[in-house]
Protein chains: 2
Amino acid sequence: MAPYHHGSLREALLSAAEKILQREGINALTLRATAREAGVSHTAPAHHFKDLTGLVSALAASGFARLHDFARAEASAAETKDQLVAHARGYIAFARAHPGLYKLMFRSERLDWDQPDLASAAEDAYSLLTPASEAPLAHDRPGQRSIADTMARWSYLHGLAMLLIDGRLSAGMSMIPGADEDLLIADLIARLERLHRPSHP
Amino acid sequence: MAPYHHGSLREALLSAAEKILQREGINALTLRATAREAGVSHTAPAHHFKDLTGLVSALAASGFARLHDFARAEASAAETKDQLVAHARGYIAFARAHPGLYKLMFRSERLDWDQPDLASAAEDAYSLLTPASEAPLAHDRPGQRSIADTMARWSYLHGLAMLLIDGRLSAGMSMIPGADEDLLIADLIARLERLHRPSHP
DNA sequence: GAATAATCTTTCCACTGTCTAGTTCATCTA
DNA sequence: TAGATGAACTAGACAGTGGAAAGATTATTC
């Protein structure tokens with residue numbers, strides 16, 4: 001007999017939600033389905049997440065945190081000295097490994113950015129796109145150019161991740177006879193370095 | 001008294017759907033709401049679009065077609081000789097002017113890419129990112145590099161559009177004191193040109 | 001002028017998010 | 001240790017949803 005109090009229902013609901021996301025897609029991710037998957041009444045999630053927005057936001061926060069950790073780990077394991085590209089590789093690899101989760105992390109109309117966990121996790125993740133060498137100096141102007149550089153890199157990586165996940169680039173890939181998909185993606189990622197420092201500062 | 005046959009219900013439903021999208025956001029865009037807005041029974045849309053997916057796909061097709069026309073018109077009106085950047089400006093301007101519609105156009109789990117209208121409209125729109133000078137020659141290999149270039153540009157523009165629409169870049173913008181937002185965006189768009197031709201072919 | 005087909009309505013079902021009220025349990029205070 | 005307080009969870013209800021089925025109305029075609 002299941003005890004009345006679950007004990008760690010919050011975590012159980014999060015992993016149930018992610019399981020549904022993988023198995024049946026984002027349209028099947030509902031509060032009730034999550035509760036069913038966790039073997040709990042259909043209103044139980046409300047106490048931990050309030051809303052469907054709350055559940056999705058918490059899941060997104062977990063996603064950003066894991067993205068951050070994964071990209072860091074991949075970069076530190078990489079042989080290359082170029083940490084920026086290493087982080088980018090990790091970023092794209094994460095998105096490809098968890099497509100449903102990644103897309104959920106950009107479902108703006110179902111995310112509550114006032115939730116501190118989510119905001120800080122996302123900020124951490126994207127701090128990897130500003131290399132330490134470009135960090136703003138103390139008395140200097142706060143690195144306007146590096147901020148714009150970070151925006152450009154983020155845009156490129158995010159767009160690439162989205163189009164890859166949705167298979168929108170595979171049509172173009174099939175047009176290149178005998179091309180190695182992973183190699184092409186690596187080439188696209190490498191172009192990230194060309195985005196910084198515009199012609200007219 | 002309204003006649004039993006509407007006459008041009010398909011178009012009426014599409015514009016009703018877009019009105020809802022602008023007014024109440026994508027979560028409020030339902031089959032029933034669209035039918036209500038058009039003053040018709042809630043199952044009437046099914047005959048023209050079959051599904052919610054069908055309605056969304058038709059709306060997305062219209063969006064891609066208009067994006068294509070808009071970008072072309074903007075580019076032909078532009079003074080610059082650089083058509084690529086001119087198209088890119090039009091692309092971003094369209095996305096910012098119709099944020100709900102643009103996001104809907106990338107709602108992959110609600111789009112039916114087997115619908116020919118949608119597929120061809122999207123293809124037309126993205127053909128603008130492959131300048132005529134880079135078009136594949138007849139007897140040559142079909143421009144592997146230009147295909148990858150197009151992918152890179154598309155990724156960058158799509159990511160930029162998404163992050164702009166969702167306001168994810170405004171935090172960074174506010175960190176640059178006294179920066180003109182439009183000027184910064186123009187600078188980001190101009191970087192598109194730096195993406196082509198990777199270091200090692 | 002009938003037959004046929006397209007268009008639209010009515011009715012129905014299972015499902016959803018969220019509200020309200022109640023039940024069970026753990027923990028903290030006296 | 002007893003009792004109160006509040007957190008965690010359940011049960012039931014409501015309006016809204018997508019979609020299927022079957023019927024009504026009008027255009028079109030032969």
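Below, chains carry the letters A, B, ... as their sequence lines are ordered, and counting in each starts from 1. Side-chain atoms are counted along with the backbone in the values below, which use heavy atoms only and exclude waters and symmetry mates.
- For B/H87, there are no ring-ring contact (aromatic ring centres under 6.0 Å, His included) partners two or more places apart in sequence or in a different chain.
- Taking atom CG of B/L13 as the reference point, atom P of C/dT9 lies 10 Å away to the nearest angstrom.
- Taking every heavy atom of residues 46-57 of chain A and every atom of DNA chain D, pairs under 4.0 Å involve A/H47, A/H48, by number.
- Comparing A/R110 and B/S8 by the nucleotide of DNA chain C that holds the closest heavy atom to each, the one mapping nearer the 5' end is B/S8.
- Scanning for side-chain contact (heavy atoms from CB on, under 4.5 Å) contacts around A/R96 gives A/I92, A/L164, A/E181, A/D182, A/I185, with sequence neighbours left out.
- Only at 4.0 angstrom or more do the heavy atoms of residues 15-25 of chain A sit from any atom of DNA chain D, so none qualifies.
- The salt bridge (charged side-chain N to carboxylate O under 4.0 Å, His left out) test applied to B/E24 returns no partner, not counting sequence neighbours.
- Taking the ring-ring contact (aromatic ring centres under 6.0 Å, His included) definition, one finds that B/Y91 meets it with B/Y102, B/Y126, sequence neighbours left out.
- By the 30° and 60° cut-offs, the orientation of the rings of A/W113 relative to A/F64 is tilted.
- Pairs of residues two or more places apart, or lying in two chains, that qualify as salt bridge (Lys or Arg N to Asp or Glu O under 4.0 Å) and include a residue from residues 41-67 of chain B are B/E18-B/R66.
- Scored by the side-chain contact (heavy atoms from CB on, under 4.5 Å) test, B/A16 finds B/T34, B/E37, B/A38 as partners (sequence neighbours excluded).
- To the nearest angstrom, P of C/dT7 lies 11 Å from CD of B/E11.
- Taken residue by residue, residues 28-43 of chain A places heavy atoms nearer than 4.0 Å to DNA chain D at A/R32, A/V40, A/S41, A/H42, A/T43.
- Within the structure, ring-ring contact (aromatic ring centres under 6.0 Å, His included) pairs that include any residue of residues 8-54 of chain B do not occur (at least two apart or interchain).
- Partners of A/E74 according to the salt bridge (charged side-chain N to carboxylate O under 4.0 Å, His left out) rule, which considers only residues two or more places apart in sequence or in another chain, do not exist here.
- Applying the salt bridge (Lys or Arg N to Asp or Glu O under 4.0 Å) test to residues at least two apart or on different chains, the pairs with a partner in residues 161-174 of chain B are B/K103-B/D166.
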